Amino acid sequence: MPTNSLANLGRLTDELMPTLEAWGKRLRNVDQRWLVIGGATLLAAAVVGGALAVRQKGKRMSDKEDDKVIARAVTVNKPRAELYRYWRDFTNAPRFMEMAESVTDSGGGRSHWILRGPGRKKLEYDAVITADEPDRLIVWESAPGADVRSTNRIEFRDAPGDRGTEIHAAMTYDPPMGALGKVVATVTQRSPELQVLRDLKRFKMLMETGEIATTEGPGAAPAGRKQKSH
Amino acid sequence: MRAVCWHGKHDMRVDTVPDPEITNPRDAILKVTSTAICGSDLHPYDGMMPSMVAGDVMGHEFMGVVEEVGPGVKGKLKKGDRVVVPFTIACGSCFFCERTLFSCCDNSNPVANQDLAAAAMGFSPSGLFGYSHMLGGFAGGQAEYVRVPFADVGPIKIPNGIDDEKVLFLSDIFPTGWMGAENAQIEEGDTVAIWGAGPVGLFACQSAFIMGAAQVIVIDHYPHRLELAAKFGAKTLNFHEVKVRETLTEMTGGRGPDSCIDAVGMESHGFSPDNIVDWVLQETHLGTDRPHVLREAILAVRKGGTVSVPGVYGGFGDKIPLGAFVNKGLTLRSGQTHVQRYMPKLLEMIEQGKVDTTFLISDRMSLEDAPKGYKKFKDQQNECTKVVLKPH
């Protein structure tokens with residue numbers, strides 16, 4: 001857990017800003033004032049908090065100062081082994097990871113990932129599994145020389161009572177283009193902090209219900225929006 | 001298809017919008033035969049509900065005939081089935097659905113929308129039909145057709161021979177009134193006070209008697225609505241004519257009601273200083289809800305009593321009497337209705353004639369007249385108790 005409260009605020013800002021900004025652009029009427037006041041306050045905090053580094057207490061997942069560590073958890077109402085099996089097959093990743101377009105298994109713990117990057121760029125890289133404890137833990141990281149540096153750790157723990165399985169995900173993310181890339185990512189709503197929890201929730205939906213709730217598209221959620229002319 | 005769309009404060013329009021399509025395997029497409037305007041629809045109508053977007057299709061009280069089912073619904077529903085659909089969307093297999101807390105479903109609000117709800121509330125509740133993007137951005141049922149997710153969990157089949165109007169309110173207001181009364185923890189011989197003689201309050205009133213209340217006191221200011229409550233055997237108070245708390249205390253031999261039900265929610269009336277401050281806060285968007293009724297209920301209820309809140313609140317309320325809550329040892333219970341939990345039992349009660357559901361409908365109109373319906377429901381609340389729309 002970060003020890004610096006301003007860093008906390010910076011992280012909170014980073015998480016909320018894309019949501020607030022995106023909604024601020026889309027909403028009419030009474031809500032805009034609420035969002036602008038809230039957004040302005042958080043933006044001021046972001047200027048201060050954004051400059052500070054975030055470290056995970058205890059385990060250091062990364063040696064680089066610039067790397068952020070994002071840790072999120074979700075509880076899934078299914079047995080640990082079933083969830084580990086599904087996650088371990090990385091070719092399933094595009095089904096619930098929004099940024100993953102395709103993943104191929106290259107054998108020997110290596111996989112090839114194609115991601116939708118910030119600004120609709122595509123990022124391709126090879127990944128290597130560095131830890132694999134069946135039904136418990138998977139750690140994989142981008143191979144040396146990859147365009148994207150990332151380390152991902154997924155831990156599967158029994159949840160208390162009959163709640164199923166807790167999935168604890170931690171990842172480091174060194175975005176392409178460094179700080180600039182991060183700003184772009186945030187503005188396009190593909191910030192890593194939001195993305196990790198969203199992907200975990202999509203995984204949960206897929207495992208518990210067999211599908212992922214959506215209201216994307218006119219067939220899924222018809223509305224009386226003005227059609228853009230071509 | 002034609003659909004009722006929100007376009008801003010006091011601006012409901014009927015637009016031509018795309019037809020819904022099967023998107024996920026457990027979807028069904030419903031042809032809507034009857035749909036109602038809810039008291040809580042008036043909050044978006046009044047511009048009070050955050051995260052609405054111009055063009056959103058309204059409506060969460062609806063029923064109809066199944067037109068198409070996705071491959072995941074197999075066996076549970078088929079084309080031609082006549083169903084009433086709960087206003088909350090539930091997956092049936094998460095922690096909350098398994099415990100019949102359906103309106104807390106983890107999996108029905110799309111993840112991007114959950115961010116907004118979680119920012120406001122801590123964690124996201126279930127998705128709702130036609131009730132803002134914070135709760136999913138699902139198109140509602142004030143339309144010719146509607147896509148129903150998890151159609152193998154929510155919709156309840158209605159036998160032939162029962163009129164739409166008898167069962168339509170299973171979608172929301174009847175279970176809401178029932179759960180409001182259930183949350184009041186009523187025991188045999190209790191006195192129950194209910195603020196709000198709208199549809200939910202009136203169903204709560206019927207339910208409270210069924211649950212063993214010896215005395216039910218309904219509070220409102222519309223004479224016709226109070227008359228409806230009186231027909232069910234309730235005593236009625238008009239808050240323009242009497243001091244509510246003092247009268248409640250007298251009527252209960254100095255004790256206070258055993259349970260109080262707030263069936264009013266975030267847009268309460270009343271010309272008390274606290275409500276006027278709330279009004280100002282609401283208009284300047286610094287506070288959002290007007291919890292005058294909740295405050296009054298907490299102060300009026302007897303020591304050790306229960307306050308049940310089916311009335312809808314969306315944001316934050318100011319100056320709740322926490323001292324009274326703590327020192328009187330109260331219980332506060334609430335929730336968006338777990339409709340799926342109650343539907344079978346309440347359908348049975350309708351079939352057995354134990355509950356009257358048709359008394360409420362004051363206006364019937366075509367979908368095209370919905371904007372007039374909204375205006376009447378808002379402006380003429382004495383005569384207009386419920387508006388039912390017929391899209392076909």
Side-chain angles (χ1 to χ4, degrees), chain A residues 12 15-16 18-20 22-23 25-38 42 74-78 96 98 159 161-164 189 193-195 197-227, chain B residues 1 3 5-9 13-27 47-57 72 89 91-95 98 106-116 119 127 133 136-139 143 145-147 149-150 284-286 288 315:
Chain A
L12 178 66
E15 286 161 20
L16 282 182
T19 310
L20 288 171
W23 283 113
K25 288 191 187 93
R26 294 174 70 193
L27 288 171
R28 285 161 51 151
N29 257 330
V30 302
D31 313 279
Q32 277 183 328
R33 228 174 302 179
W34 176 67
L35 283 174
V36 166
I37 291 169
L42 292 173
V74 82
T75 299
V76 183
N77 195 7
K78 288 282 178 189
F96 59 93
E98 198 185 12
D162 55 358
R163 289 169 177 78
Q189 258 217 81
E193 292 88 346
L194 287 177
Q195 214 53 54
L197 185 57
R198 286 188 190 178
D199 287 347
L200 283 175
K201 284 184 181 176
R202 265 187 285 262
F203 179 74
K204 174 188 161 85
M205 285 179 175
L206 197 57
M207 295 296 101
E208 288 184 1
T209 73
E211 53 186 65
I212 292 171
T214 178
T215 46
E216 293 279 316
R225 316 259 188 251
K226 288 201 176 72
Q227 299 300 320
Chain B
M1 68 165 185
C5 298
W6 182 90
H7 282 274
K9 179 174 174 170
R13 305 178 205 167
V14 185
D15 293 334
T16 300
V17 308
D19 286 353
E21 288 165 12
I22 300 282
T23 305
N24 272 338
R26 292 165 68 183
D27 288 346
M48 292 305 170
M49 189 64 198
S51 74
M52 296 292 293
V53 178
D56 283 350
V57 174
I89 305 170
C91 74
S93 38
C94 66
F95 173 90
E98 281 188 347
D106 271 335
N107 296 322
S108 57
N109 197 1
V111 297
N113 305 72
Q114 286 196 26
D115 288 342
L116 205 51
H133 286 260
F138 289 96
Y145 297 92
V146 61
R147 177 176 77 100
F150 299 123
T284 56
H285 313 296
L286 294 173
T288 54

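Just so it is clear, the structure is predicted and the values come from calculations on it, not from any experiment. Chain A is the first sequence line, chain B the second, and so forth, proteins listed ahead of strands; every chain is numbered from 1.
The structure places NZ of A:Lys204 at 9.5 Å from NZ of A:Lys201, a figure rounded to the nearest 0.5 Å.
Counting heavy atoms from C-beta outward, B:Glu21 and B:Asp27 have side chains that stay 4.5 Å or more apart. You'll find the side chain of B:Arg26 stays beyond 4.5 Å of the side chain of B:Pro149, heavy atoms only. Between B:Met1 and B:Val17, the closest side-chain pair of non-hydrogen atoms falls below 4.5 Å.
B:Arg147 places no side-chain N or O within donor-acceptor distance of the main-chain N or O of B:Thr23, the cut-off being under 3.5 Å. When atom types are taken as modelled, the side chain of A:Thr215 and the backbone of B:Phe138 share no donor-acceptor pair closer than 3.5 angstrom.
Of the residues considered (A:Met205, A:Glu211, A:Glu216), A:Glu211 shows the highest number of contacts with chain B, using heavy-atom pairs under 4.5 Å. Of the listed residues (A:Thr209, A:Asp162, A:Val76), the greatest number of heavy-atom pairs within a distance under 4.5 Å of chain B belongs to A:Thr209. In terms of heavy-atom pairs under 4.5 angstrom with chain A, the leader among B:Cys5, B:Gly136, B:Pro20 is B:Pro20. With respect to chain A, the highest number of heavy-atom pairs below 4.5 Å among B:Gly92, B:Gly72, B:Ala143, B:Cys94 belongs to B:Cys94.
Residues meeting the ring pair (Phe, Tyr, Trp, His ring centres under 6.0 Å) test with A:Phe203, sequence neighbours left out: A:Trp87, A:Phe96.
The contact between B:Asp19 and chain A is made entirely by backbone atoms, counting heavy-atom distances below 4.5 Å. Heavy atoms of B:Ser93 lying under 4.5 Å from chain A belong to its backbone as well as its side chain. There is no contact between A:Leu197 and chain B, counting heavy-atom distances below 4.5 Å. Interface remark: B:Asp15 contributes side-chain atoms only to the contact with chain A (heavy atom separation under 4.5 Å). Of the two parts of B:Asn109, only the backbone, made up of N, CA, C and O, holds a non-hydrogen atom closer than 4.5 Å to a non-hydrogen atom of chain A.
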